[in-house]
> 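Below you'll find the structure I mean.
Numbered from 1 within each chain, the chains take letters A, B, ... in sequence-line order. Scope of the values below: all heavy atoms of this structure, side chains included, with no hydrogens, waters or symmetry mates.
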There are 2 protein chains.
Amino acid sequence: MENTHDMREKILGIVVEYNPLHKGHLFHLDQSISKSAASGVIAVMSGNFVQRGEPAIVDKFDRTYMALKSGVNLVLEIPAIYAVQDAGGFACGAIGILERSGVVTDLVFGSESSELEMLDKVADLIVSRKNELNVKEKTYMKKGFSYPNARKYSLKEMICEECGHYAEGFEETISKSNDILGLEYLRWMRIYESGIVSGTVKRVGSNYNDDNFNGEFSSASAIRKMALNGDWDNLIQAVPELTGVCLEKYRSLGGFFTQDDLREFFFVFLLARNRDHLKKYYGITEGMEKRFADAVKSSDGIDDMLESVKSKRVTYSRLKRTLLYMLFEIDGKMIKDSEYFGPQYIRVLGFDRKGRDILSKMRNAAVIPIISTPSSFNQVLRNYRKALKEEIPYFFDERVFRAQLEMDFRMSDFYYHMLAKKHGVKYVSEIKRPPIIIM
Amino acid sequence: MENTHDMREKILGIVVEYNPLHKGHLFHLDQSISKSAASGVIAVMSGNFVQRGEPAIVDKFDRTYMALKSGVNLVLEIPAIYAVQDAGGFACGAIGILERSGVVTDLVFGSESSELEMLDKVADLIVSRKNELNVKEKTYMKKGFSYPNARKYSLKEMICEECGHYAEGFEETISKSNDILGLEYLRWMRIYESGIVSGTVKRVGSNYNDDNFNGEFSSASAIRKMALNGDWDNLIQAVPELTGVCLEKYRSLGGFFTQDDLREFFFVFLLARNRDHLKKYYGITEGMEKRFADAVKSSDGIDDMLESVKSKRVTYSRLKRTLLYMLFEIDGKMIKDSEYFGPQYIRVLGFDRKGRDILSKMRNAAVIPIISTPSSFNQVLRNYRKALKEEIPYFFDERVFRAQLEMDFRMSDFYYHMLAKKHGVKYVSEIKRPPIIIM
């Protein structure tokens with residue numbers, strides 16, 4: 001594979017949420033293009049719900065438009081079932097789309113440490129000594145460590161055995177959100193046996209979770225906070241003009257759909273549910289259903305309740321994702337299938353002229369169906385079967401394809417319903433949305 | 001059994017919702033007491049959710065208080081799983097409680113026709129020729145008739161064979177809501193092999209579904225409508241003083257919890273659900289899940305949606321009950337168990353001095369556990385087992401007991417949470433509520 005890559009046109013793949021697009025993103029995009037010397041860029045992007053278990057501040061088509069206007073040539077959607085999982089599940093979807101597109105030669109990701117060699121080493125270790133790692137993690141978790149910490153300390157033990165010199169600063173490196181994600185990208189590239197060449201760009205500006213105003217280095221969290229609080233003077237300085245215009249459009253239409261709009265819903269929902277059934281949802285483990293049950297009885301609202309359920313071992317983001325699993329009926333079986341089979345189709349959200357060329361290459365190279373017009377997914381499926389002369393690869397399953405697509409449609413329609421209520425307009429249903437085309 | 005009844009103290013059982021108590025109810029209560037010449041009255045009453053698939057306009061303890069102040073001696077709760085079913089399921093719970101109390105000798109119910117002889121005949125027929133009836137009903141339903149109509153025409157065919165002279169006016173008789181319920185009481189008395197003697201009082205005043213103001217003969221629907229619309233001048237004329245005071249209390253505290261408060265919740269809920277899973281809930285049959293799915297996509301709100309789902313065969317009340325089944329996760333298995341085993345305990349909502357005497361008699365005579373203090377249900381269960389020396393009757397099952405009680409607690413806590421939001425107070429959780437005692 002490595003050899004063919006050298007002769008092929010270099011296409012860069014990046015993984016983004018652009019929630020919303022900010023100046024740091026633009027800087028990273030430029031750096032990544034230079035670094036890879038690619039002639040085209042594909043971004044795989046979360047849809048209307050993002051990894052922290054929340055609705056995106058602006059919808060996926062507006063975010064696609066911003067990406068295309070900023071130098072991305074083709075935007076593909078990470079199916080929702082992956083977009084709302086932890087770093088591992090998220091990476092499974094994102095890398096799966098890039099790899100299965102058949103055209104991506106390079107992946108560049110932001111990294112706090114930018115120590116690719118070490119991250120590569122750790123990824124090797126995670127894949128090759130998986131069972132050993134699991135045992136170590138479980139031991140830590142039994143002692144009360146959260147999953148991220150259990151993984152961190154287990155990996156540290158193992159990396160020290162192999163290359164002692166990584167020990168210094170290891171814990172800190174492996175704790176930063178971009179490095180954690182990057183590590184998962186590298187891990188999934190190994191699992192997919194991908195020939196994509198990886199690189200990092202050093203992350204500049206604010207920390208991912210720092211939500212304070214920091215001028216043009218403000219994080220996406222900080223920008224969302226400014227938009228929600230109506231702090232427009234600072235906001236304008238922090239974001240590219242494009243983003244400012246888009247956020248302003250939402251404001252003038254009536255606002256943003258946020259997790260807050262579901263506060264009362266979730267409380268009523270949890271109050272009404274049989275607590276013994278909660279554990280059927282993905283992510284309700286470690287006695288969480290018992291804590292949910294107690295919290296519902298003693299809380300006055302959802303914040304109060306989440307505060308009671310939160311623990312050393314369960315982060316706030318994970319809790320918010322868990323609420324989404326309950327809301328959208330995402331169970332363990334569905335998550336397991338998503339990991340086993342990987343993404344089952346490539347949904348095109350938008351492209352420019354260059355992106356159109358990449359897309360036509362992809363039509364020959366991709367190993368899973370490509371969906372540009374969602375309403376014709378049945379036709380796409382038929383064509384896929386026909387082209388393969390019914391020799392369907394082991395990683396494709398029509399049942400899983402339909403389940404992932406149904407979830408995308410449902411979650412997206414839900415998003416637009418909530419937005420429509422705020423904006424007093426009716427949004428077109430997801431199945432009728434064509435890609436954004438900029439020529 | 002009949003002989004022992006004659007020697008026992010006569011205790012009257014009545015089935016009520018008192019949602020809210022009105023002058024017609026008082027008239028019926030007096031008539032029923034005279035008719036039965038009983039020395040004490042037990043009312044079995046719906047809890048916080050009633051048979052039309054709605055929250056009760058005032059809570060069960062206020063309704064218990066009104067009943068006790070109006071001549072009822074002991075109020076027992078119909079477990080929620082029965083209270084929110086159609087006439088058949090409702091009667092299974094109501095008659096089950098009266099029969100299993102072991103002390104009720106007489107049942108008097110309101111009836112539009114007051115033709116007890118005919119109703120008895122029909123009840124005999126339903127029980128003895130059950131399979132034949134089912135076949136006929138199915139034939140009618142295949143032709144597009146609603147279940148109530150299919151049953152009506154099937155019964156008419158059968159009754160004409162047996163006693164031709166009932167044919168005249170039969171359809172009309174068997175279509176009125178009190179007669180339909182009464183028939184189900186008579187049917188369940190046969191199934192429970194009850195020795196309770198039945199009687200009717202002719203229903204006076206407005207039709208059950210007539211929600212217009214009719215002075216002191218206004219129906220409960222009309223009274224609820226007046227209360228919700230703030231039509232207090234008319235309201236005061238229509239209700240006993242006691243009821244007026246109670247409704248006024250709710251108004252001054254902040255209002256009533258109604259189905260309307262769940263409108264947006266249900267819409268969001270249905271929008272988020274996987275439509276293929278809807279059919280696991282009880283009552284989603286005959287392609288209703290498909291109609292729900294289509295309606296969700298095309299509707300702007302819950303009313304709009306229910307209007308689309310409603311059909312000749314599916315009444316509005318049934319749809320509202322179905323929403324409750326979805327909200328509270330009531331599935332077919334649970335309904336089936338409730339019908340097979342009948343009510344598993346007798347929850348005491350309140351009593352007066354005479355009621356206390358009846359209650360102490362009941363402690364010896366009842367064949368299922370009696371729960372006065374909900375928090376001690378585990379103790380009650382242990383005592384029940386002990387008293388029976390572990391010779392548990394075939395109709396008692398601890399799993400079903402716990403499921404019915406869990407549902408009562410959950411639905412009631414839900415009701416009080418919604419009410420608390422309106423009233424800006426915190427209600428005590430259901431498990432801590434003692435009965436109302438009036439001495």
> Relative to each other, are the rings of B:Phe265 and A:Phe269 parallel, tilted or perpendicular (30° and 60° limits)?
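Aromatic pair B:Phe265/A:Phe269 classed tilted.
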
> Measure A:Met418 against the heavy atoms of chain B and call it side chain, backbone, both or neither at under 4.5 Å.
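For A:Met418, side-chain heavy atoms alone lie under 4.5 Å from chain B.
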
> In Å, rounded to the nearest 0.5 Å, how long is the span from CD of B:Glu264 to NZ of A:Lys421?
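One finds 3.0 Å between CD of B:Glu264 and NZ of A:Lys421.
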
> My understanding is that only one of A:Glu329, A:Met407, A:Met334 makes a side-chain contact (heavy atoms from CB on, under 4.5 Å) with B:Asn274; could you say which?
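Of A:Glu329, A:Met407, A:Met334, side-chain contact (heavy atoms from CB on, under 4.5 Å) with B:Asn274 is met by A:Glu329 alone.
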
> What heavy-atom pair brings B:Ala272 and A:Phe328 nearest, and what distance separates the two atoms?
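Minimum heavy-atom separation between B:Ala272 and A:Phe328: O-CD2, 3.6 Å.
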
> Drop me the distance from B:Leu271's CG to A:Tyr415's OH, to the nearest 0.5 angstrom.
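Those atoms lie 14.0 Å apart.
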
> Please assess A:Glu406 against B:Arg275 for the test side-chain contact (heavy atoms from CB on, under 4.5 Å), listing each intermediate value before the final yes or no.
CA-CA 10 Å; A:Glu406 187 274 341; B:Arg275 262 68 94 180; 5.7 Å; no

